[in-house]
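Okay, structure first, notes after.
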Amino acid sequence: MILNFGSGGTLSQNQLKELALGFELSGQQFLWVVRAPSESPNSAHPSFENDDPLRFLPDGFIDRTKNQGLVVPSWAPQVQVLGHNATGGFLSHCGWNSILESIVHGVRAYYSLASVC
């Protein structure tokens with residue numbers, strides 16, 4: 001599963017922590033492109049734009065999930081990840097490019113209303 005909310009899709013700090021804990025508890029393998037949270041929901045600009053986005057994850061999350069997932073700060077090559085045969089799902093902000101890329105690569109997409117939709 002790849003989680004990527006696009007360049008303009010930001011989550012609040014609470015949403016970021018809840019999503020992290022949910023994936024940890026699920027046992028699902030993941031690749032998560034994390035951006036710094038925003039204090040205002042659906043904002044295209046993070047409130048902590050210059051901060052390391054990994055610092056907003058729950059304490060110990062990276063270590064506890066190191067065999068389950070990979071967390072990447074800010075950006076990853078989404079098209080290449082979607083094209084990889086190990087990618088079975090995509091949690092997205094429902095941006096037009098993300099929708100098209102998931103369709104082209106045949107990856108089932110799930111859209112988050114908590115982001116910019």
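Starting from 1, each residue takes its place in the sequence as its number. Everything quoted here is computed from the prediction, not taken from an experiment.
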State yes or no: do Tyr110 and Leu31 share one hydrophobic cluster built from I, L, V, M, F, W and Y residues joined by side-chain heavy-atom distances below 4.5 Å, directly or via other members? no
Does His84 use its side chain to pair, donor to acceptor, with the backbone of Ala86 at less than 3.5 Å? yes
On a heavy-atom basis, the closest approach of Val107 and Gly88 is CG1-C, 4.2 Å
Indicate yes or no for a side-chain donor-acceptor contact from Thr65 to the backbone of Gln68 under 3.5 Å, with no hydrogens or angles considered. no
Any residue meeting salt bridge (Lys or Arg N to Asp or Glu O under 4.0 Å) with Glu24, in chain and number order, not counting sequence neighbours: Arg64
Hey, could you give me the CZ/CZ distance between Arg35 and Phe5, rounded to the nearest 0.5 Å? 9.5 Å
How are the rings of Phe61 and Trp32 set to each other: parallel, tilted or perpendicular (split at 30° and 60°)? perpendicular
Do Leu21 and Pro58 come close enough that some side-chain heavy atom pair is under 4.5 Å? yes
Check: Val34 and Pro53 side chains under 4.5 Å, non-hydrogen atoms: yes
Can a donor-acceptor pair be found, under 3.5 Å and without considering hydrogens, that links the side chain of Gln15 to the backbone of Ser12? yes
Does the pair Leu19 and Leu3 meet the rule for a side-chain contact (heavy atoms from CB on, under 4.5 Å), with working shown? CA-CA 10 Å; Leu19 191 56; Leu3 294 81; 3.8 Å; yes
Apply the test side-chain contact (heavy atoms from CB on, under 4.5 Å) to residues Met1 and Phe23: give CA-CA distance (whole Å), side-chain angles for both, the deciding distance (0.1 Å), then the verdict. CA-CA 10 Å; Met1 172 72 72; Phe23 261 89; 3.7 Å; yes
side-chain hydrogen bond (donor to acceptor under 3.5 Å, both in side chains) with Gln78: which residues, sequence neighbours excluded? Asn4, Ser98, Glu101
If Ile, Leu, Val, Met, Phe, Trp and Tyr residues are connected whenever their side-chain heavy atoms lie under 4.5 Å apart, and connections chain through other members, are Tyr111 and Trp96 in the same group? yes
Might you point out which heavy atoms bring Ala76 and Val33 nearest each other, and give the distance in Å? CB-CG2, 3.6 Å
Do you reckon Leu54 sits in the same ILVMFWY cluster as Phe30, going by side-chain contacts under 4.5 Å, direct or chained? yes
Do Phe90 and Leu82 come within less than 4.5 Å of each other through their side chains, counting heavy atoms only? yes
hydrophobic_cluster_shared for Ile2 and Val104, side chain cutoff 4.5 Å: no
Any link between Phe56 and Leu70 through a network of hydrophobic side chains (Ile, Leu, Val, Met, Phe, Trp, Tyr) touching at under 4.5 Å? no
Approximate separation, where rounding is to 0.5 Å, of Thr87 OG1 and His105 NE2: 9.5 Å
